[in-house]
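Keep in mind that what you see is a predicted model, and the values were worked out from it rather than measured. Proteins come first, then strands; the chains are lettered A, B, ... in the order of their sequence lines, and each starts at number 1.
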Amino acid sequence: MTAQQDWDRQAVQKVIEHHQHTPGGLLPVLHGIQDILGYVPDEAVEAIADGLNLSRAEVHGVISFYHYFRTSPPAKHTVHVCRAEACQSMKANDLVVHIKNRLGLDFHEVSESGMFGLEPIYCLGNCSCAPAIMIDRDEIHGRMTEDKFDSLVARLQGEGK
Amino acid sequence: MTIKIYVPQDSASLSVGANEVAVEIEQEAHRRNEKITIVRNGSRGLLWLEPLVEVETPDGRVAYGPVEPSDVAGLFDAGFVSGGKHVLGHGLTENIPFLAKQERLTFARVGITSPLSIEDYIDHEGYRGLERAISLGSEGIVAEIGASGLRGRGGAAGRTGKKWQEVRASVSDVKYVVCNADEGDSGTYSDRMIMEGDPFVLIEGMTIAGIGVGAAQGYIYLRSEYPHAFDVLNAAIKIAYEKGYLGNNIRGSGFSFDLEVRRAAGAYICGEQTSLLESLEGKRGLVRYRPPQPAVSGFMGKPTLVNNVISLATVPIILDKGSAYYKDYGMGRSRGTLPIQLTGNVKQGGLIERAFGVTLREIIFEYGLGTKSGRSVRAVQVGGPLGAYIPESQFDVPLDYEKFSDISAVLGHGGIVVFDDTVDMAQQARYAMEFCAIESCGKCTPCRIGSQRGVEVIDKIIANNSRPRQIHLLRDLCTTMIDGSLCAMGGMTPFPVLSALNHFPEDFGAAAGDAKVANL
């Protein structure tokens, strides 16, 4: 079995109980858990399945279907870069190359220090201020340039100290 | 007296520093002992000018933008609190040509009011549609929507009134109204602007829909990429409950309607209405076979009305001003207005609400003033990642569902992405297939496997690996996807691919003659 679980089982259980009678409650449960922990641990699947009267396969199937849910802890800061057409028209592909080099990461990777993660995203609805990126869950930046990205990284690294 | 200064809180404005500008204005006013109130409004939709700061003057609101925090002291020096001249000044907002030439019906309040002030909403003609709806009753409401000619603004453009009538006619003790707010198309954000800038109009529209079709529960299925819209909607719903506009016996009418926001989880396919319903039920977002239509068996097997944000947000004005008023706008079978989103490589990008019938050329060159890069426009993609790439020779086609269909293109959700002459159309075609491969729900083979093979075939075309045969194969594959896919994901991915190949064969290393086909 798994080693020491460093996530809050009680908090997870509370989320499950809260949505036990919510129609179609699985997505709200997964969101609730990811809101608290930053990811949905594999070890939580059994408790979710029990709580919502689903099979573990059903729960796993849903987690793996949606790009948003992750099963490993996120970096301290996740950079989401928009890859969609409107951003492409403003040279987002070049920006992606720069960001990968700057962070030393490919998509879906987390840096060894745990400081940065990199994820593609398909449209932030900021298409008239392209190219766009989002830091973590709600910090959207438009008209992004290589220089602006570098200062953003410097700022985030500074905050970490 | 206190001067009102507007600094938008729309995501697009925030993304270019609106919060920092608001803080700087507050502090600078304090330093100078100027009495001001900052209102955080929605965006006026002049997105190239964001952050757009407006000052209320006796003549109207005066616009300044794009404002950076470092510009703020200079603005005060120039007397912008009384509308003084400044290099960033644009005069009265209403007179800026981009805005002055619009017909804002659905977006009448966006950017003007304070999004979470229900008093402001009511002062600006809010909840008049609901009042009339209550007096008309269920049958009258559905008749009014039918007579308006409104068609689904999500992209499929089905007749909204027909959908409402089907749900109304379905016999069931429980029915649902579901708002599709999974606005995943690149080049679109009109749903987001409504939800962040005028959330009560969506709540009112859904309430009217509930009364019309006989549903007492509504859900807004909102994409996870819109965190700000999530917060605004939840705050607005809370206020609507407190003021008796949601819940039991709404404003003493005898009708009840409950509303909840549900977060999606980053799957493009969930914008397809049956996939959305699966997701709402807590399952993988696999597309359902139809029939039965959601109007008969939708959420939890009950009759369900699924409508896009813009469709529902247009309901209040139709009920308030009457179907004839709305239908008077537009052309042919495309009635009313379309909130167009002009995006990508364009000098003046933003939200343009116009009656159907305006041409692409007018939108791109008169509103947009051409590309931001200053190079020539080579192509525009209209209608999101499943929409065709359109060359300049077709820019005079009016925005109208049928006219677009005639050129094998779609209007979709009204997004226009502009590309300059550096674009490689073979790469864009490849991306369309790649996107389909990433986002396919996997249920049907033409979409799941076809998109993978599509990427491979286009790679061979680009590498000049038996190119004529591969082009033939690509067309064959596209036909299979169009004819054999379960939904628009696989069925329309060939639109951008074939339009790129047909209009820009040189980018695929093919002569124009190779590419000629009679029908897409």
Side-chain angles (χ1 to χ4, degrees), chain A residues 19 22-32 34-35 40 48 52 54 58-70 80 82-93 119-134 136-144 148, chain B residues 11-12 14-16 47-48 50 183-189 191-193 223-228 231 262-268 270 279-286 299-300 341-346 349-351 372-373 381 384-385 415 417-420 422-423 428 431 435 438-439 441:
Chain A
H19 289 291
T22 303
L26 181 52
L27 260 70
V29 164
L30 297 175
H31 272 294
Q34 188 155 310
D35 284 349
V40 183
I48 299 167
L52 298 184
L54 298 167
E58 283 169 314
V59 176
H60 172 78
V62 168
I63 294 170
S64 59
F65 182 86
Y66 294 96
H67 301 303
Y68 179 82
F69 297 124
R70 47 182 308 136
H80 304 267
C82 180
R83 283 197 62 209
E85 291 91 338
C87 286
Q88 288 175 28
S89 78
M90 291 301 289
K91 308 288 173 213
N93 290 338
E119 297 289 338
I121 201 161
Y122 296 90
C123 199
L124 291 162
N126 198 22
C127 318
S128 292
C129 299
I133 69 169
M134 181 165 77
D136 301 329
R137 280 182 47 203
D138 61 2
E139 192 186 312
I140 301 169
H141 296 269
R143 298 178 199 144
M144 190 42 60
K148 276 205 236 172
Chain B
S11 287
L14 297 179
S15 83
V16 287
L47 293 175
W48 80 97
E50 293 290 356
E183 183 178 51
D185 287 356
S186 173
T188 69
Y189 47 74
D191 294 353
R192 182 184 59 66
M193 281 184 68
R223 62 199 304 257
S224 55
E225 293 84 348
Y226 285 177
H228 297 287
D231 293 343
R262 286 285 180 90
R263 267 189 289 171
Y268 176 77
C270 290
S279 181
L280 202 58
E281 289 181 3
K283 302 174 190 159
R284 293 161 69 89
L286 297 188
F299 181 61
M300 298 296 177
Q341 300 119 93
L342 183 59
T343 74
N345 193 338
V346 63
L351 191 285
K372 189 172 182 182
S373 61
Q381 187 180 29
V417 182
V418 180
F419 291 84
D420 72 10
T422 60
V423 67
Q428 297 308 121
Y431 173 80
F435 182 71
I438 295 168
E439 298 294 339
C441 83

Worksheet item: Hey, what do you get for CZ (B:Arg284) to OG (A:Ser64), rounding to the nearest 0.5 Å?
Response: 5.0 Å
Worksheet entry | Near-ring test B:Tyr268/A:Tyr122, centroid separation under 6.0 angstrom | no
Practice prompt. First locate atom CZ of A:Arg143, then atom NZ of B:Lys372, and finally report the distance between them rounded to the nearest 0.5 Å.
Written response: 6.0 Å
Practice prompt. To the nearest 0.5 angstrom, please state how far the OG atom of B:Ser224 sits from the CG atom of A:Leu27.
Written response: 9.5 Å
Response to the item:
Turns out that what part of B:Asp185 lies under 4.5 Å from chain A's heavy atoms comes down to backbone
Discussion item. Nearest 0.5 Å, please: how far is CG in B:Asp420 from CE in A:Met90?
Written reply: 8.5 Å
Practice prompt. Check whether more than 12 heavy atoms from other residues, nucleotides or ligands sit under 6.0 Å from atom NE2 of A:His60, and answer yes or no.
Written response: no
Discussion item. Exactly one of A:Asp136, A:Leu124, A:Asp138 should register a side chain to side chain contact (heavy atoms under 4.5 Å, CB included) with B:Pro227. Which one does?
Written reply: A:Asp138
Worksheet entry | B:Arg263 portion near chain A, given a 4.5 angstrom heavy-atom threshold | both
Item to complete: Take A:His67 and B:Glu439 through the side chain to side chain contact (heavy atoms under 4.5 Å, CB included) test and state the conclusion after the steps.
Response: CA-CA 9 Å; A:His67 301 303; B:Glu439 298 294 339; 3.1 Å; yes
Worksheet item: Tell me, do B:Ser279 and A:Tyr66 make a side-chain contact under 4.5 Å, heavy atoms counted?
Response: yes
Worksheet item: Side chain, backbone, both or neither: which part of B:Gln341 has a non-hydrogen atom closer than 4.5 Å to chain A?
Response: neither
Discussion item. Out of B:Ala267, B:Pro385, B:Gly415, B:Cys270, return the one with the most heavy atom pairs under 4.5 angstrom to chain A.
Written reply: B:Pro385
Practice prompt. Below 4.5 Å from any heavy atom of chain B, which atoms of A:Lys148 appear? Answer side chain, backbone, both or neither.
Written response: neither
Fill in: Most chain A-contacting option - heavy-atom pairs closer than 4.5 Å, from B:Ser186, B:Gly187, B:Gly266, B:Gly349
B:Ser186
Worksheet item: To the nearest 0.5 Å, how far apart are OH in B:Tyr189 and SG in A:Cys129?
Response: 7.5 Å
